There are 2 protein chains.
Amino acid sequence: MALRHAVLAALLDGEYSGYQLAKAFDIGVANFWYALPQQLYAELTKLEKDGLVAGRQVVQETRPNKRLFHVTDAGRAELESFAAAASKPSFIRDDLLVKVQAADRIGTGPVIGQLEERACAADAKIELLGALLRQLRGEADEEDFLLRGERIGPYLTCLRGLAFEREHRDWCRRIAAVLRERQKINADG
Amino acid sequence: MALRHAVLAALLDGEYSGYQLAKAFDIGVANFWYALPQQLYAELTKLEKDGLVAGRQVVQETRPNKRLFHVTDAGRAELESFAAAASKPSFIRDDLLVKVQAADRIGTGPVIGQLEERACAADAKIELLGALLRQLRGEADEEDFLLRGERIGPYLTCLRGLAFEREHRDWCRRIAAVLRERQKINADG
DNA sequence: ACTGACTACTCACTTTTTTGAGTACCGACG
DNA sequence: CGTCGGTACTCAAAAAAGTGAGTAGTCAGT
């Protein structure tokens, strides 16, 4: 069980509908998990059945009704025991790395293109995360916020996301440059 | 299909048995994919059925016989079209990040412990990857090897792995320090 | 002689993740 | 008046990943 705990952790910040959760998973939460809306709805249904979250119907006039969920005491307990249990080691699982591994044995052209696209996507995400961090810490400077802020969990995971995206971008650009340089050498030689 | 291409890419370096592949997945390949031996055996069977790899039986005296696999032309073509297709965006998917997200709402003790364990594990992996990189590039210095080495794919993915582990270690140590500091402040105040 | 580790794999199963296709109603734009 | 984008969700199914248990022989150490 995995998405389960990501949903619970995301729901700690307040009440969310499945739809809102899906939005959140597109930005902040996406630093540590990713899921399509359908998965979130399914997971919320299961969590409710297991009593870890509770939902209430909100009737809306001009829009479809929605269900807002919050974590129950049982849900909080579940998170506690999850946090106490050992974590699986983390690793990158990325199509693009597989392609780079094979790059010098197959065509490098498309791979270079994708590395550059990725670098640009990372740039965009870096800006997004930077804005999110500024918003989360408000007026305070980072050091102060980290020591005295009340809700730092999302801030800490965003920091990880930011570092990851920066590394990823730099690596993509470096590798793209190397592969281009090698193309040139091979063309000349 | 995913593990499929990781296996094909790993097999580009020569002939491997399922068992050897499982070893490789524990170190180098683990930078971009991870799988248990059972999964690899199953994947090799499927790849052979689809004609993307071919195996030959090697009879051994003092050990069980083994089957060595290599990528076929069809397999190489499959990798080409995989490389040409769009990649899914990469992201971290890590239990520990979920725990940190929730850390200030649940007990921080176990999370701090796990952050420190992770940092140590990352240290070990950093050394391992460093050794692997030195071995791969041999006598040459890095810049030279990257431009003129013949097989740089695995080197490039190891570089990514190394950067990832360094970032991960630093983040773990920093977050552990922050959470400890906050514990102290709460105990005092 | 027993134990534990290493090579080399297989089978059966469950869980998790991903994908695709719908439903339905509102409001804005042209 | 039609269609596009946003809110809010559901159902069904396939694919991928992960888990547990087992087989069977070799070799080194106690």
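Everything numeric here is computed off the predicted structure, so don't read it as measured data. Quick note on labels: first sequence line is chain A, next is B, and so on, each numbered from 1.
In this structure, B/D94 and B/H168 have side chains that are in contact, with non-hydrogen atoms separated by less than 4.5 Å.
Here B/E127 pairs with nothing under the side-chain hydrogen bond (donor to acceptor under 3.5 Å, both in side chains) rule; sequence neighbours left out. Judged as a side-chain hydrogen bond (donor to acceptor under 3.5 Å, both in side chains), and not counting sequence neighbours, the contacts of B/D104 are A/R151. Considering only residues two or more places apart in sequence or on other chains, B/D170 meets the side-chain hydrogen bond (donor to acceptor under 3.5 Å, both in side chains) condition with none of them. Considering only residues two or more places apart in sequence or on other chains, B/F145 meets the ring-ring contact (aromatic ring centres under 6.0 Å, His included) condition with B/Y155.
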Check residues 107-117 of chain A and write down every donor-acceptor pair under 3.5 Å in which the side-chain atom is one partner and the other belongs to a residue at least two apart or another chain.
from   : atom 1 : to     : atom 2 : distance (Å)
A/T108 : OG1    : A/Q183 : NE2    : 3.0
A/Q114 : OE1    : A/K99  : NZ     : 2.9
A/Q114 : OE1    : B/S87  : OG     : 2.4
A/Q114 : NE2    : B/A83  : O      : 2.7
A/Q114 : NE2    : B/A85  : O      : 2.9
A/E116 : OE2    : A/R180 : NH1    : 2.1

Any N/O pairs under 3.5 Å between the protein and nucleotides 22-29 of chain D? List them or say none.
from   : atom 1 : to    : atom 2 : distance (Å)
D/dT26 : O4'    : B/T62 : O      : 3.4
D/dT26 : O3'    : B/T62 : O      : 3.3

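A distance-only check finds no donor-acceptor pair linking the side chain of A/W33 to the backbone of B/L97 [under 3.5 Å]. Not a single donor-acceptor pair under 3.5 Å links the side chain of B/R67 to the backbone N or O of B/V58. Judged purely by atom type and a 3.5 angstrom limit, A/S17 has no side-chain atom pairing as donor or acceptor with the backbone of A/L68.
Applying the ring-ring contact (aromatic ring centres under 6.0 Å, His included) test to pairs two or more places apart or on separate chains, those with a residue in residues 57-84 of chain A are A/H5-A/F82.
For the pair A/R160 and B/F164, the distance from NZ or CZ to the six-membered ring centre is under 6.0 Å and the angle to the ring normal is within 45 degrees.
Among the protein residues, A/A2 comes within range of the sugar-phosphate backbone only, with heavy atoms under 4.0 Å from sugar or phosphate atoms but none that close to a base.
Taking the charged nitrogens against the carboxylate oxygens, B/R174 and A/E142 do have a contact shorter than 4.0 Å, which makes a salt bridge. Taking 4.0 Å as the cut-off between side-chain N and carboxylate O, B/E167 and A/R166 do not count as a salt-bridged pair. Salt bridge A/D95/A/R118: absent, no basic N to carboxylate O contact under 4.0 Å.
Listed in residue order, the members of residues 83-94 of chain B having a heavy atom less than 4.0 Å from DNA chain C are B/K88, B/R93. The stretch residues 4-19 of chain B touches DNA chain C through B/S17, B/G18, B/Y19, each having a heavy atom within less than 4.0 Å of the strand. Taken residue by residue, residues 33-52 of chain B places heavy atoms nearer than 4.0 Å to DNA chain C at B/Q38, B/Y41.
You can see that DNA chain C meets the heavy atoms of chain A within a 4.0 Å-exclusive cut from C/dT16 to C/dG27, reading 5' to 3'.
By the 4.5 Å side-chain criterion applied to Ile, Leu, Val, Met, Phe, Trp and Tyr, B/I185 is assigned to a cluster that also includes A/L147.
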